[in-house]
Amino acid sequence: MNEQNFRVNANEVTNMPNTEHGNYRRGFWIVLAIAAVLAIVASFLWWRFSQAETASQPGKNSAPAAMEEMAQVPPANTSNSGPDSASQAATSTMHETPLAPIQLTPQRMQSIGVVLGKVESKPVNSELRFYGNVQVDERRQAYVQTRFAGWIRKVYADATGNFIGKGQPLFTIYSPDLVSTQQEYLLAKKNSEALQRSSVSGVASGASSLFSAAKERLLQWEVSPAEIEKLDQGGKAITDLTINSPVSGYITAKNALPNMYVQPETMLYTIADLSDVWVLAQVFQSDAGRIKPGDPAEITVDAYPGRVFNGRVDYILPQFDMNTRTLPVRLVFPNPGLKLRPGMYVNVRAKLPMGRQLVVPASAAFHSGTKNLVFVYGDGGSIEPREVELGPQVGDELVITKGVKAEEPIVTSANFLIDSEAQLQAAAGAFVPPPPGAGQAASMNAPTQQRANVEFTTEPEPPHKGNNIVRVKLTGEDGRPISGANVTVTFYMAAMPAMGMAAMKTVINATDKGGGMYEGKGDLGSGGTWQVTIQAQQNGQTVANKQLTVNATGGM
């Protein structure tokens with residue numbers, strides 16, 4: 001039993017390697033087949049990728065095809081290529097709408113607010129505005145000093161800012177040197193009087209010379225003639241000499257104190273005459289060449305509203321300020337009542353004479369793109385747009401250097417509306433009608449259209465900027481009302497590039513109110529001249545198509 005089982009198991013063990021070997025072989029072939037399939041797929045993908053890369057880059061295969069395509073394309077004309085040709089093309093496309101003379105009735109001119117004026121020829125003064133500060137006139141400023149050393153005894157002008165008149169006392173001073181000189185003067189005077197009758201030759205003249213020299217020394221020390229006269233009358237030296245003010249003005253600096261010892265170099269008083277003052281102003285570099293000495297000028301001060309002070313340009317300083325890029329200018333102004341105080345900030349307006357010029361109101365000039373226009377009014381309501389060259393603006397007027405003549409009537413308001421009208425007239429004049437018979441074939445094949453009479457009204461009348469009500473009445477040729485039509489009212493205003501305004505359009509669908517009356521509401525974005533188109537359709541056919549011009553009130 002045991003042997004038998006052992007043999008059976010031995011046979012099973014012997015057969016097991018053969019079975020596993022077959023399984024391994026089968027799995028090997030399966031893996032090999034899968035690897036082959038993957039290799040084929042990878043090869044295909046690589047081939048597709050290489051084809052796509054070759055098509056996207058100019059390689060060896062694409063070069064001949066590209067060269068062939070280039071050979072088939074004719075070469076472009078290079079004579080007008082480059083930036084210059086681009087700029088020329090841009091310039092050719094950028095052109096302004098031409099203008100044409102227009103004819104306006106007096107009623108139309110009144111409705112759009114046309115005001116007439118004239119070109120004037122008159123002397124013109126250009127204005128230059130800048131700022132400045134009031135300063136003391138250095139030529140009207142005096143300093144008080146002594147020409148001898150001494151001690152101040154009494155001070156009369158004892159406060160800065162006080163007004164002192166010419167000849168009024170400032171202080172008294174004691175000087176030993178001055179007392180000695182006075183004594184010498186008195187002795188020389190006594191000897192001159194005693195020796196005046198001497199018979200000895202030269203004695204009288206010598207004594208007189210000594211007296212004159214002593215008196216001259218007193219005068220050199222600025223002892224006033226009044227003090228010398230007092231010395232003559234008293235007959236003895238004056239110990240406390242009075243020093244008077246040499247000018248009239250305001251004390252701007254004071255260093256004199258009682259019992260103070262002073263030397264000739266000591267600055268005791270500074271006195272400024274403020275009857276005339278300086279204004280030191282700053283003029284920008286761009287305006288430095290326009291101003292010159294002698295030009296009239298005006299100043300205003302915030303402290304005195306409405307008060308104008310008149311003066312003139314006195315001097316243009318030579319040094320240019322590098323920090324502010326301005327040129328200092330000195331002006332002189334009378335100062336009645338001491339209204340202008342040193343240090344005040346003032347606004348300066350210099351008047352620069354330009355001679356006789358042609359001027360128009362500033363509102364008369366119209367800037368249309370690159371052109372400056374003036375609308376000249378002619379006989380019978382004719383208005384001609386005329387190109388002019390403008391000079392500087394002087395106040396509310398403009399100088400015209402070329403384009404108009406003196407006394408010509410011009411339009412001074414509503415120029416914007418007139419310019420729009422002139423553009424419309426020019427566009428209408430440039431329209432070329434089609435040749436005769438061009439539309440006969442189309443009209444023969446077109447269905448017969450019913451003709452209708454159109455009556456157009458607005459509420460308010462005339463329309464204004466904002467909401468408006470439009471009414472259209474349709475009647476047939478027999479006078480009967482037309483109902484059931486689709487009525488459209490279109491308001492259109494052309495673009496105005498010179499004013500920076502785009503084209504405006506308002507479409508109003510009018511509803512049937514019965515009896516041939518159609519009504520609708522719409523909003524107009526601006527006042528001015530609108531082109532109105534009224535279209536009416538019934539059963540797919542146009543029964544009315546009318547165009548007219550409407551002037552709306554209100555601002556732009």
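Positions are given from 1 along the sequence. The figures here come from the full heavy-atom set of this structure, side chains too, leaving out hydrogens, waters and symmetry mates.
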Once you round to the nearest 0.5 Å, how far does CG of L358 lie from CD1 of I400? 8.0 Å
Can N551 and T529 be counted as having a side-chain donor-acceptor contact under 3.5 angstrom? yes
Does the side chain of T266 reach to within under 4.5 Å of the side chain of Y261, using non-hydrogen atoms? no
I need the full list of side-chain hydrogen bond (donor to acceptor under 3.5 Å, both in side chains) pairs touching residues 236-259, with sequence neighbours left out, sorted by first then second residue. R153-D240
My understanding is that only one of L241, V262, V144, L257 makes a side-chain contact (heavy atoms from CB on, under 4.5 Å) with F171; could you say which? V144
What distance do L170 atom CG and I152 atom CD1 have between them, rounded to the nearest 0.5 Å? 10.0 Å
Below 4.5 Å, heavy atoms only, C-beta onward: do V470 and F491 meet side chain to side chain? yes
For Y143, does the OH atom sit with more than 12 other heavy atoms under 6.0 Å from it, leaving out its own atoms? no
Close side-chain approach of L274 and L340, heavy atoms under 4.5 Å: no
Once rounded to the nearest 0.5 Å, what's the spacing between atom CZ of R330 and atom CG of L280? 8.5 Å
Spacing of CG belonging to N467 relative to CD belonging to E459, to within rounding of 0.5 Å: 12.0 Å
Which donor-acceptor pairs under 3.5 Å do the side chains of residues 317-325 make with protein atoms, sequence neighbours left out?
from : atom 1 : to   : atom 2 : distance (Å)
D321 : OD1    : N323 : N      : 3.0
D321 : OD2    : T324 : OG1    : 3.2
T324 : OG1    : T326 : OG1    : 2.6
R325 : NH2    : Q285 : OE1    : 3.0

Can you confirm whether L373 sits close enough to V388 that some side-chain heavy atom of one is under 4.5 Å from a side-chain heavy atom of the other? no
Would you say the side chains of D177 and S175 form a donor-acceptor pair under 3.5 Å? no
In this structure, are over 12 heavy atoms from other groups packed under 6.0 Å from F163 atom CZ? yes
Are V277 and P342 close enough that some pair of their side-chain heavy atoms sits under 4.5 Å apart? no
In sequence, state the C-alpha distance, the side-chain angles, and the governing distance for V301 and F309, and then conclude on side chain to side chain contact (heavy atoms under 4.5 Å, CB included). CA-CA 9 Å; V301 190; F309 299 86; 4.3 Å; yes
Pairing donors with acceptors under 3.5 angstrom, does anything connect the side chains of S180 and Q183? no
Under a 4.5 Å cut-off applied to non-hydrogen side-chain atoms, are L231 and L186 in contact? yes
Less than 3.5 Å apart, which donor and acceptor atoms pair up between the side chains of residues 348-357 and the rest of the protein, not counting sequence neighbours?
from : atom 1 : to   : atom 2 : distance (Å)
R349 : NE     : E298 : OE1    : 3.4
R349 : NH2    : E298 : OE1    : 2.5
K351 : NZ     : E298 : OE2    : 2.9
R356 : NH1    : S121 : O      : 2.8
Q357 : NE2    : M354 : O      : 3.1

Which distance, rounded to the nearest 0.5 Å, do you find between the CH2 of W278 and the CZ of R139? 5.0 Å
Working to the nearest 0.5 Å, report the span between CH2 of W151 and CE of M260. 13.0 Å
Could you check whether any side-chain heavy atom of W530 comes within less than 4.5 Å of a side-chain heavy atom of M504, counting everything from C-beta outward? yes
